[in-house]
Visitor: 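Okay, here's the structure, questions in a sec.
Order of listing sets the numbers, starting from 1, for every ligand and every atom in it. Quantities reported herein were computed from a predicted structural model and do not represent experimental measurements.
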Amino acid sequence: MTKITFVQSDGERIETEGQTGSTVMETAIMNGIPGIVAECGGACACATCHVYVDDAWTETVGGPSMMEEDMLDFAFDVKATSRLSCQIKVKDALDGLVVHVPRRQG
Ligand code: FES
């Protein structure tokens, strides 16, 4: 299990356990994280699973693929640390990951 913390826009922190091989988006949905909508179910086709990767984790998580980058154009308030959480695979190296949930989704 991989510990993943979701920080809401009001600062509330919600700690979850992600399963290796699943995605950060699936972890959010399974734990009822407010603000992660995931309309397309993880097909990289909606941008409603947008998160900001915490500064301490951007290097470990890495950047978006070209397809993900194109879809991020449809997200609100995109920043350098923006990722689509359905495109981040849960793995041991991400144990302790912190992501921030945007104030609103597209
Ligand atoms: Fe639709 Fe991630 S769930 S792009």
Visitor: Under a 4.5 Å side-chain heavy-atom rule over Ile, Leu, Val, Met, Phe, Trp and Tyr, are Val90 and Val51 clustered together?
Guide: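 Hydrophobic grouping puts Val90 with Val51.
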Visitor: What distance separates Met25 CE from Met30 CE, expressed to the nearest 0.5 Å?
Guide: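 Interatomic distance, Met25 CE to Met30 CE, rounded to 0.5 Å: 12.0 Å.
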Visitor: Report yes if some heavy atom in the side chain of Val7 is under 4.5 Å from a heavy atom in the side chain of Val98; otherwise report no.
Guide: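 Side chain of Val7 against side chain of Val98, heavy atoms only: contact under 4.5 Å found.
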Visitor: What are the two closest heavy atoms between Thr16 and Ile33, and how far apart are they?
Guide: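 Reported closest heavy-atom pair: CG2-CD1, 4.0 Å.
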Visitor: Quick one: which residue pairs count as a salt bridge (Lys or Arg N to Asp or Glu O under 4.0 Å) with a foot in residues 5-32, not counting sequence neighbours?
Guide: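 Counting only pairs at least two positions apart or across chains, the salt bridge (Lys or Arg N to Asp or Glu O under 4.0 Å) contacts touching residues 5-32 are Lys3-Glu15.
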Visitor: For atom 1 (Fe) of ligand 1, report each protein N, O or S atom nearer than 2.8 Å, sorted by chain and then by residue number.
Guide: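 Listed by chain and number, the atoms are Cys40 SG, Cys46 SG.
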Visitor: Would the number of heavy atoms belonging to other residues, nucleotides or ligands and lying under 6.0 Å from CE of Met1 be above 12?
Guide: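 Yes, because the 6.0 Å sphere around CE of Met1 holds more than 12 heavy atoms from other groups.
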